[in-house]
Amino acid sequence: MPELPEVETTRRGLSPFLTQQQVVAVRVREPRLRWPVPTELARVLPGLTIEHVGRRAKYLLLTTHHGTLIIHLGMSGSLRIAEAGTPPNTHDHVDLVLQNGRCVRLRDPRRFGAILWTGGDPLDHPLLVNLGPEPLSEQFHGEYLYQRSRGRRTAVKSFIMNSDVVVGLGNIYANEALYEAGIHPARGVHRIAKTRYERLIRAIKQVLDDAIAAGGTSVRDFVNSQGEPGYFSHSLRVYGRGGKACLRCGRMLQQTRIGQRSSVYCLYCQR
DNA sequence: AGTGCGGCCTGTCCGC
DNA sequence: TGCGGACAGGCCGCAC
């Protein structure tokens with residue numbers, strides 16, 4: 001389940017291998033991802049050079065002079081660099097073959113991911129145009145969250161997982177950030193003071209920064225490796241620990257469902 | 001407009 | 001040991 005830190009780790013790992021590389025072929029073995037892989041890729045992409053590997057939210061953006069490849073890893077997707085002759089494994093659905101004899105290989109067992117192509121500005125793409133700010137940007141601050149919460153009554157966990165509000169927070173890091181901020185995940189957004197939003201902002205940035213830093217140390221060999229940055233599970237303090245002891249107070253962590261998502265929290269440390 | 005939820009998928013784990 | 005079922009998750013698209 002790649003969350004923003006995993007996607008950013010992937011971006012950093014791939015960038016040196018892809019930047020200024022020309023694509024010579026596209027091989028699609030399984031086009032049935034979240035949306036069908038565009039058939040035009042095989043026609044449009046060969047001959048184009050990847051100028052930059054960027055990211056917006058959890059979308060990776062492979063930019064050329066004539067358009068941008070938009071890749072989402074969904075729940076189970078991963079990208080790695082392979083020698084073009086390496087036989088694909090199960091669930092290796094798409095290869096972008098590069099001029100240097102290597103390829104970028106997309107593996108995605110659950111096929112929740114996506115590959116899309118746009119000839120225009122990717123930020124104007126319908127999937128990206130309405131996204132909220134990046135959580136690590138200066139535009140994401142306490143006053144912003146507070147203002148966006150006005151007139152709403154939803155649970156704060158659902159609120160921060162809403163990509164209209166802020167991008168990149170999946171279930172794992174939403175749980176972690178609320179724990180760090182000492183806020184109960186089911187608390188209504190209309191019952192949180194501005195100063196607590198400021199604390200929440202700090203917690204979100206800290207949790208994501210730490211996860212990216214942990215991934216950074218493991219951005220090792222994307223060539224013929226698993227290519228999967230992992231989920232930094234060593235740094236998770238509540239996610240997956242329901243029923244175990246709170247690392248702060250020792251009381252048992254609660255586990256419930258909020259907005260159809262499993263939520264773990266400490267009844268005493270989070271109010 | 002804001003909110004909740006169904007559905008897409010398969011690997012993993014559990015109980016029988 | 002084999003099998004069925006629950007569960008996990010991102011996020012679009014729909015219904016209210």
Side-chain angles (χ1 to χ4, degrees), chain A residues 1-11 29-38 55-61 70-79 88-94 106-116 118 122 125-135 145-178 185-192 204 208 211 226 228-233 236 238-244 253 255-264:
Chain A
M1 50 217 103
E3 298 215 29
L4 188 137
E6 288 83 357
V7 177
E8 175 61 19
T9 298
T10 297
R11 187 194 71 76
R29 284 176 289 272
E30 173 54 88
R32 295 175 301 165
L33 303 185
R34 190 178 214 286
W35 296 282
V37 176
R55 177 185 63 76
R56 171 73 172 107
K58 294 179 185 171
Y59 296 93
L60 289 164
L61 306 174
I70 302 173
I71 302 177
H72 198 290
L73 298 177
M75 286 239 353
S76 58
S78 61
L79 288 166
N89 290 318
T90 331
H91 309 307
D92 284 346
H93 303 315
V94 179
L106 173 70
R107 175 183 155 87
D108 187 1
R110 296 185 195 177
R111 292 194 276 118
F112 278 21
I115 296 190
L116 302 166
T118 174
H125 191 279
L127 289 174
L128 279 72
V129 71
N130 289 319
L131 293 174
E134 291 286 326
L145 257 199
Y146 177 77
Q147 289 303 333
R148 288 298 303 265
S149 69
R150 297 306 87 185
R152 299 192 183 208
R153 307 183 66 80
T154 193
V156 62
K157 179 156 178 274
S158 304
F159 181 61
I160 62 172
M161 288 180 67
N162 182 342
S163 61
D164 297 346
V165 175
V166 58
V167 301
L169 273 170
N171 197 38
I172 296 175
Y173 294 114
N175 277 309
E176 295 297 317
L178 288 165
R187 175 169 286 272
V189 291
H190 57 297
R191 295 179 52 244
I192 297 177
I204 289 171
L208 295 177
Q226 286 296 78
E228 296 172 23
Y231 306 130
F232 318 128
S233 52
L236 302 179
V238 283
Y239 182 82
R241 297 195 63 249
K244 295 182 179 164
L253 293 172
Q255 180 150 0
T256 57
R257 291 182 83 76
I258 296 169
Q260 310 305 111
R261 291 286 172 261
S262 76
S263 304
V264 189

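A, B, ... follow the sequence lines: proteins, then strands. Residue 1 opens every chain.
Atom OG in A/Ser78 sits 7.0 Å away from atom CG in A/Leu106 (nearest 0.5 Å). Note that NE2 of A/His72 and CD1 of A/Ile70 are 11.0 Å apart. Values are rounded to the nearest 0.5 Å. With rounding to the nearest 0.5 Å, the separation of OG in A/Ser262 from CD1 in A/Ile172 is 9.0 Å.
C/dC7 atom P lies 7 Å from atom CZ of A/Arg257, rounded to whole Å. Rounded to an integer number of Å, the gap from A/Tyr59 OH to C/dG10 C1' is 9 Å. Atom-to-atom, CZ of A/Arg150 to C1' of B/dA1 comes out at 16 Å; the value is rounded to the nearest Å. Separating the NE2 atom of A/His190 from the P atom of B/dA1 is a distance of 21 Å, rounded to the nearest angstrom. Taking atom CG of A/Asp108 as the reference point, atom C1' of C/dA8 lies 15 Å away to the nearest angstrom. Counting to the nearest Å, the C1' atom of B/dG4 and the CD1 atom of A/Ile258 are 14 Å from each other. A/Glu3 places its CD atom 9 Å from the P atom of C/dC11, with the value rounded to the nearest Å. C/dC11 atom P lies 14 Å from atom NZ of A/Lys157, rounded to whole Å.
Among residues two or more places apart in sequence or in another chain, the side chain to side chain donor-acceptor pair (under 3.5 Å) test is passed with A/Arg257 by none. By the side chain to side chain donor-acceptor pair (under 3.5 Å) test, A/Arg187 pairs with no residue at all, sequence neighbours left out. Every residue two or more places apart in sequence or in another chain that forms a side chain to side chain contact (heavy atoms under 4.5 Å, CB included) with A/Pro135 is listed here: A/Leu4, A/Phe140, A/Val166, A/Val167, A/Ile204, A/Leu208.
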Check your understanding: So A/Ile192 and A/Tyr146, side-chain contact (heavy atoms from CB on, under 4.5 Å) or not? Walk me through it.
Key -> CA-CA 8 Å; A/Ile192 297 177; A/Tyr146 177 77; over 6 Å; no
Practice item. Starting from the C-alpha separation in whole Å, work towards a yes-or-no answer on side-chain contact (heavy atoms from CB on, under 4.5 Å) for A/Ile258 and A/Ser158. Key: CA-CA 7 Å; A/Ile258 296 169; A/Ser158 304; 4.0 Å; yes
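A donor-acceptor contact shorter than 3.5 Å is absent between the side chain of A/Glu3 and the backbone of A/Pro5. In terms of modelled atom types and a separation under 3.5 Å, the side chain of A/Ser76 and the main chain of A/Gly74 share no donor-acceptor contact.
Annotation: A/Arg150, atom CZ; neighbour count of heavy atoms from other residues, nucleotides and ligands within 6.0 Å is above 12. The number of heavy-atom neighbours closer than 6.0 Å to CZ of A/Arg29, taken from other residues, nucleotides and ligands shown, is above 12.
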Polar pairs (N or O, both sides) under 3.5 Å between protein and nucleotides 4-6 of chain C?
none

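If you check B/dT3, C/dG10, C/dA8 against the side chain of A/Thr154, the one that comes closest is B/dT3. If you check C/dC12, C/dG10, B/dT3 against the side chain of A/Arg152, the one that comes closest is B/dT3.
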Check your understanding: What string of B, S and - do you get for nucleotides 8-13 of chain B 5' to 3' if you count protein non-hydrogen atoms under 4.0 Å?
Key -> BBBS--
Exercise for review: Dot-bracket notation for DNA chain C is requested: 5' to 3', Watson-Crick or G-U wobble pairs only, both distances under 3.5 Å, with ( ), [ ], | and . as defined.
Suggested key: .|||||||||||||||
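Within the 4.0 angstrom heavy-atom criterion, no nucleotide atom of any strand lies near A/Phe159. Using a 4.0 Å heavy-atom criterion, one finds that A/Ser262 contacts the sugar-phosphate atoms exclusively. Contact annotation for A/Leu127: backbone-only contact, meaning every heavy-atom pair under 4.0 Å involves sugar-phosphate atoms and none involves a base.
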